[in-house]
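A short worksheet on the structure shown next.
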Amino acid sequence: LWDSPLASSSSVFVAEPLAYLPDMNILVQGPIREEQTLKELLRSALGTGAPELIQELYDYMRKTAVGLAALHQTDVDVGEVRVWEDELAEIYEVIERLAVPLPHLADAATPLLAHLEAVAAEHPADPVVPSHGTFRPAQVLLSQGQIGFIDFDGFCQAEPALDLGLFMAKVQDLGLNVSDDDEENELLDQETRLARFAEISALCDAFLAAYEAHLPVSRQRVALWEALALFTIMLHCWTKIKPARLTNAMFLLSRHLQRNHLWYETA
């Protein structure tokens, strides 16, 4: 990446590699300016509802989209190729492990996942591009109107929808769970939950539109990757023992499936 045009890009900063310490397995990198992360701004803006923070959040979401499009347009041919079917297979593995202590859940998601697989077969993937692989708001650094990307450990070759779907799923998760106190998140009343969902949906729409202004992408493929990411978030409520987040996770997955015409039954 440092040898690509991204190193001198005006849309996003990446860290300069300085040295590798093999004995400690540590990569020493140059600095990227940071006042806060996009995750922190997202939680602050949605938690307070302050108009100036909301506007700042929209601005940074659009800048993040432009930076991601710049990353996807580099010619860095490094990393394994990741496909949607690989992600689906990993989900089935998690379900298999979860079914040991909770056998009644073993086949609960089979109809939904089989349907998503059939939809994926009908909509071919976009060509693979250099991808972050684990792109989330916590990995976007903000400073004086500029952004930087960090944590490229999962760098790979994948269709653009991987980064886009994962990022938007995490934005939605953070949007409903604006506190580190799981019990406080669970106490959201339905009216507040619906209002926050409308706001984070608008944020994601603005993000995706800003990306598409620089690079076309299959929205159906984005929706499929986003569905798997939201489903994984729901699974983590069980595997990471966070039952207080389950209501919000189920809400997000159900709304996403209905909004994108991927499923009409209760998820």
Side-chain angles (χ1 to χ4, degrees), residues 37-49 84 86-117 133-139 151 154 162 165-204 223-260 262-267:
T37 66
L38 184 59
K39 173 183 176 179
E40 291 166 341
L41 176 60
L42 179 70
R43 281 189 157 178
S44 176
L46 295 181
T48 64
W84 190 85
D86 294 337
E87 194 74 14
L88 182 64
E90 290 183 12
I91 285 178
Y92 275 117
E93 289 178 5
V94 174
I95 292 174
E96 186 176 349
R97 295 196 302 270
L98 189 60
V100 175
L102 301 168
H104 61 287
L105 294 179
D107 299 320
T110 300
L112 170 61
L113 295 177
H115 176 71
L116 292 179
E117 191 171 9
T134 57
F135 196 56
R136 296 174 174 87
Q139 292 152 336
D151 295 344
L162 182 155
L166 176 59
F167 179 83
M168 292 194 293
K170 195 59 183 176
V171 166
Q172 293 173 65
D173 180 46
L174 292 169
L176 285 194
N177 299 294
V178 295
S179 170
D180 289 325
D181 186 338
D182 285 351
E183 295 300 330
E184 182 178 327
N185 292 320
E186 183 63 16
L187 291 176
L188 286 176
D189 59 76
Q190 185 67 357
E191 183 178 352
T192 301
R193 183 178 285 113
L194 287 171
R196 282 191 183 166
F197 177 73
E199 185 68 82
I200 56 180
S201 295
L203 274 170
C204 288
L224 284 164
W225 277 98
E226 192 175 343
L228 289 192
L230 289 169
F231 189 86
T232 300
I233 289 171
M234 187 191 70
L235 282 180
H236 286 169
C237 294
W238 297 91
T239 59
K240 297 185 178 181
I241 316 178
K242 295 184 176 182
R245 295 195 173 210
L246 188 57
T247 298
N248 284 343
M250 290 288 290
F251 172 86
L252 288 173
L253 178 60
S254 178
R255 289 280 170 163
H256 174 73
L257 296 173
Q258 294 171 17
R259 186 185 186 202
N260 293 278
L262 293 173
W263 193 250
Y264 297 97
E265 300 177 12
T266 301

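- In plain terms, the two heavy atoms of Leu224 and Leu262 that are nearest each other are CD2-CD2, 4.3 Å.
- In this structure, the separation between CD1 on Ile200 and CG on Asp173 is 9.0 Å, given to the nearest 0.5 Å.
- Residue Gly165 comes nearest to Ala229 through the heavy atom pair O-CB, 4.2 Å, listed as atom of the first residue, atom of the second, then distance.
- Minimum heavy-atom separation, Pro137 to Val171: CG-CG2, 3.7 Å.
- Within the 4.5 Å cutoff, the side chain of His236 has no heavy atoms near those of the Lys242 side chain.
- Side-chain atoms of Trp238 and Leu246, non-hydrogen and from C-beta on, do get closer than 4.5 Å to each other.
- A pairwise comparison of heavy atoms in Gly133 and Leu166 identifies O-CD2, 4.0 Å as the closest pair.
- Glu90 contributes no side-chain N or O that, together with a main-chain N or O of Glu87, makes up a donor-acceptor pair within less than 3.5 Å.
- Heavy atoms only, all atoms of each residue included: Leu42 and Gly175 are closest at CD2-N, 4.4 Å.
- Distance check: Arg136 CZ to Leu38 CG gives 13.5 Å after rounding to the nearest 0.5 Å.
- Separation of atoms CG (Asn177) and CZ (Arg43) is listed at 7.0 Å; rounding is to 0.5 Å.
- Contact check for Ile95 versus Leu105: no side-chain heavy atoms found under the 4.5 Å cut-off.
- Looking at Leu257 and Phe231, their side chains never come closer than 4.5 Å, going by heavy atoms from C-beta outward.
- Between the side chain of Arg196 and the backbone N or O of Gly47 there is no donor-acceptor pair closer than 3.5 Å.
- Separation of atoms SG (Cys204) and NZ (Lys170) is listed at 13.0 Å; rounding is to 0.5 Å.
- Between the CG atom in Leu253 and the CD atom in Gln258 there is a gap of 9.5 Å [rounded to 0.5 Å].
- Every residue was checked against the salt bridge (charged side-chain N to carboxylate O under 4.0 Å, His left out) condition with Arg97, not counting sequence neighbours, and none meets it.
- Side chain of Asp189 to main chain of Glu191: a donor-acceptor pair is present (N/O by atom type, distance under 3.5 Å, no hydrogens or angles).
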Review point. Could you walk me through whether Leu176 and Leu46 pass the side chain to side chain contact (heavy atoms under 4.5 Å, CB included) check?
Key: CA-CA 9 Å; Leu176 285 194; Leu46 295 181; over 6 Å; no
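- Once rounded to the nearest 0.5 Å, the distance linking CG of Leu98 with CG of Leu235 reads 6.5 Å.
- For the side chain to side chain donor-acceptor pair (under 3.5 Å) with Gln172, the lone residue among Glu226, Arg255, His256 that qualifies is Glu226.
- In this structure, the side chains of Leu252 and Ile233 stay at 4.5 Å or more apart for every pair of heavy atoms.
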Practice item. Give the C-alpha distance, both sets of side-chain angles, the deciding distance and a yes or no for side chain to side chain contact (heavy atoms under 4.5 Å, CB included) between Leu113 and Glu117. Key: CA-CA 6 Å; Leu113 295 177; Glu117 191 171 9; over 6 Å; no
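- Among all heavy-atom pairs drawn from Ala108 and Pro111, the shortest one is O-CD, 3.9 Å.
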Exercise for review: Take Glu40 and Ser44 through the test side-chain hydrogen bond (donor to acceptor under 3.5 Å, both in side chains) and record every step on the way to the result.
Suggested key: CA-CA 6 Å; Glu40 291 166 341; Ser44 176; over 6 Å; no
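- Between the Asp107 side chain and the Thr110 main chain, no donor and acceptor come within less than 3.5 Å of each other.
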